[in-house]
Amino acid sequence: MKKLALAILMALGATGAHAAVELKLGHFASDTHPCGIAAKEFKANVEKRTNGEVKISLFGNNALGSPPEVLEQVMLGAVNMSLSGQDQIAKHLPFYDVISTPFAFKDYAMADRIIDGEFKAWAAPELLKKGLVHISDWEWGFRQLTNSKKPVIVPADLKGMKIRTPPAFAYQAFVEAAGGNAVTIAFAELVMAMKQGVVDGQENPVGTIYDLKLYETQKYMSILNYTYSSMVHVVNKKSWDKLTPEQQKIVAEESAAAARLARKTLRDNEAMQLKDLETTKGIVIARPDLGPWKAAMGPAWDKVKARVGADNFKRFMDIVEKSGK
């Protein structure tokens, strides 16, 4: 009897000593999107390097709810971590909308410098006040404009058009400043809204347009690169504190590696996708002079400044200036 009791105690001790920590990761990318692919790599590498002591459960493609709902679940601790859009974070930290100021970023290299550098140093302590640990920024990409009606070369071409945006302040400000009518539609409902003709157009990165097959309803694309979107990898602070320092280090390193993979994949894919959209899918792609678009952005900049505060707006624009605009 004593031997049996001892065996049970030893078995319980063995399992208890190495009980795996499960971290649920919710996000809105599809499995085939670069961030969906990077999430699978992140899971595999964390589990391998921690010898299975940290398990990552993936819930992509809005499986746990809309992007704003998933972020709220992370803040409440019901979900451990998320890849959340900057616009979703801005609902809780309004200063975050500075990052979406139209035409602030010249190119990907500039976006990387700012988002991985001074902006992260600014954002991380503020996210911590909301109970969120900022790990890294993955990629959604530069946003382009599509529509089903006609080529859009100058802002005047957008006049009267209904353009879908997410519930994101700065994106709506861009559409309105350019002369369009911004219509808020949730990401999960975007494809159906296009098919039903609820709106005339939408704005998203090339990879998203391609991945969601928006070319089936959208026949015109304007390459504007008007704002850059990242997916911010955040973790609930209490969940983070359950990890050992070594596990935290592994998760942080693998998140950064996944971010690099997502960026490289997305950027490598873009040229191929644009070519395919133009030559195979029949999309008419315009590459307008950005001068008139930038010139029309005064009202959008004023709206962003009013929302985030003049001091925050100046702080961000100083960072932009230093980073080589």
Side-chain angles (χ1 to χ4, degrees), residues 87 99-111 139-166 168-185 187 190-191 193-229 266-267 269-304 320 325:
D87 54 301
I99 205 79
S100 302
T101 301
F103 299 106
F105 296 126
K106 184 173 61 180
D107 52 28
Y108 280 122
M110 185 177 179
E139 184 148 278
W140 202 241
F142 275 105
R143 302 179 83 90
Q144 320 301 349
L145 193 66
T146 68
N147 81 91
S148 60
K149 300 291 184 188
K150 62 179 183 179
V152 172
I153 309 299
V154 294
D157 295 331
L158 209 57
K159 189 170 177 61
M161 276 199 201
K162 290 186 287 186
I163 304 297
R164 176 270 174 185
T165 72
F169 174 82
Y171 306 166
Q172 292 161 356
F174 159 75
V175 170
E176 288 160 3
N181 300 324
V183 179
T184 300
I185 295 171
F187 185 67
L190 170 59
V191 175
M194 295 292 122
K195 286 181 176 172
Q196 292 176 343
V198 175
V199 289
D200 303 309
Q202 62 86 54
E203 49 71 64
N204 252 305
V206 171
T208 307
I209 293 161
Y210 194 87
D211 200 45
L212 297 181
K213 299 183 179 177
L214 296 184
Y215 48 78
E216 292 178 352
T217 55
Q218 303 284 284
K219 293 304 170 192
Y220 302 94
M221 180 188 290
S222 304
I223 303 296
L224 300 176
N225 293 331
Y226 86 88
T227 196
Y228 173 83
S229 302
L266 187 140
R267 295 171 195 184
N269 286 352
E270 264 190 5
M272 176 275 291
Q273 289 166 340
L274 281 169
K275 185 177 179 184
D276 191 49
L277 286 169
E278 206 162 21
T279 58
T280 310
K281 306 293 192 281
I283 303 297
V284 179
I285 299 177
R287 292 172 173 79
D289 172 12
L290 297 183
W293 292 87
K294 291 176 182 176
M297 287 300 116
W301 281 35
D302 288 344
K303 284 180 184 176
V304 173
V320 167
K325 193 174 186 304

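Side chains included, hydrogens not; waters and symmetry mates left out as well; all remaining heavy atoms used.
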Contacts of type side-chain hydrogen bond (donor to acceptor under 3.5 Å, both in side chains), residue Gln273, not counting sequence neighbours: none
Results of side-chain hydrogen bond (donor to acceptor under 3.5 Å, both in side chains) for Thr227 - residues two or more places apart only: none
Mind checking side-chain contact (heavy atoms from CB on, under 4.5 Å) for Ala182 and listing every partner two or more places apart, or none if nothing turns up? Thr165, Gln172, Val175, Glu176
Closest heavy-atom contact between Ile209 and Gln202? CG1-NE2, 3.6 Å
Nearest 0.5 Å, please: how far is CG in Leu277 from NZ in Lys219? 10.0 Å
Can you run down the salt bridge (Lys or Arg N to Asp or Glu O under 4.0 Å) pairs that involve residues 277-286, sequence neighbours left out, and say none if there aren't any? Asp276-Lys281
When you compare the side chain of Met161 with that of Asn181, does any pair of heavy atoms fall below 4.5 Å? no
Taking all non-hydrogen atoms of both residues into account, name the closest pair between Leu224 and Pro288 and its distance. CD2-CG, 4.0 Å
Quick one: closest heavy-atom pair of Phe105 and Ile99, and the distance? CE1-O, 3.6 Å
Just jot down the ring-ring contact (aromatic ring centres under 6.0 Å, His included) partners of Tyr108, sequence neighbours excluded, or say none. Phe142
Test of understanding: with side-chain hydrogen bond (donor to acceptor under 3.5 Å, both in side chains), list the residues that count as partners of Asp211, not counting sequence neighbours. Ser30, Thr32
Can you name the closest pair of heavy atoms from Trp301 and Pro102 and give their distance? NE1-O, 3.0 Å
Between CZ of Phe103 and CG of Asn225, what distance do you get to the nearest 0.5 Å? 8.5 Å
Let me confirm one number: the CG-NZ distance from Leu290 to Lys106, rounded to the nearest 0.5 Å. 13.0 Å
For Arg287, all residues meeting salt bridge (Lys or Arg N to Asp or Glu O under 4.0 Å), sequence neighbours excluded: none
Residues in ring-ring contact (aromatic ring centres under 6.0 Å, His included) contact with Trp140, at least two apart in sequence or another chain: Phe28, His33, Phe187
Calculate, to the nearest 0.5 Å, the distance between atoms CD and OG1 belonging to Gln144 and Thr208 respectively. 10.0 Å
List the residues meeting side-chain contact (heavy atoms from CB on, under 4.5 Å) with Ala173, not counting sequence neighbours, and say none if there are none. Ala300, Lys303
Mind checking what makes side-chain contact (heavy atoms from CB on, under 4.5 Å) contact with Pro299, not counting sequence neighbours? Ala177
Would you give the length of the straight line joining atom CG of Leu274 to atom CG of Asn269, rounded to the nearest 0.5 angstrom? 11.0 Å
Any side-chain donor paired with an acceptor under 3.5 Å for Glu139 and Tyr228? yes
The criterion is side-chain contact (heavy atoms from CB on, under 4.5 Å); which residues satisfy it with Val199, sequence neighbours excluded? Lys162, Arg164, Val183, Ile185, Met194
Just say parallel, tilted or perpendicular for the rings of Phe174 and Tyr226, cut-offs at 30° and 60°. parallel
We want to know whether Asn147 and Gln218 form a side-chain donor-acceptor pair, criterion being a heavy-atom distance below 3.5 angstrom. no
Taking atom CD of Glu270 and atom CE of Met272, what is their separation to the nearest 0.5 Å? 10.5 Å
Nearest heavy-atom neighbours spanning Asp157 and Ile153: OD2-N, 2.7 Å
Salt bridge (Lys or Arg N to Asp or Glu O under 4.0 Å) contacts touching residues 140-155 (sequence neighbours left out): Arg143-Glu203, Lys149-Asp200
Can you see which heavy atom on Leu158 is nearest to which on Ala178, and at what distance? CD2-CB, 3.8 Å
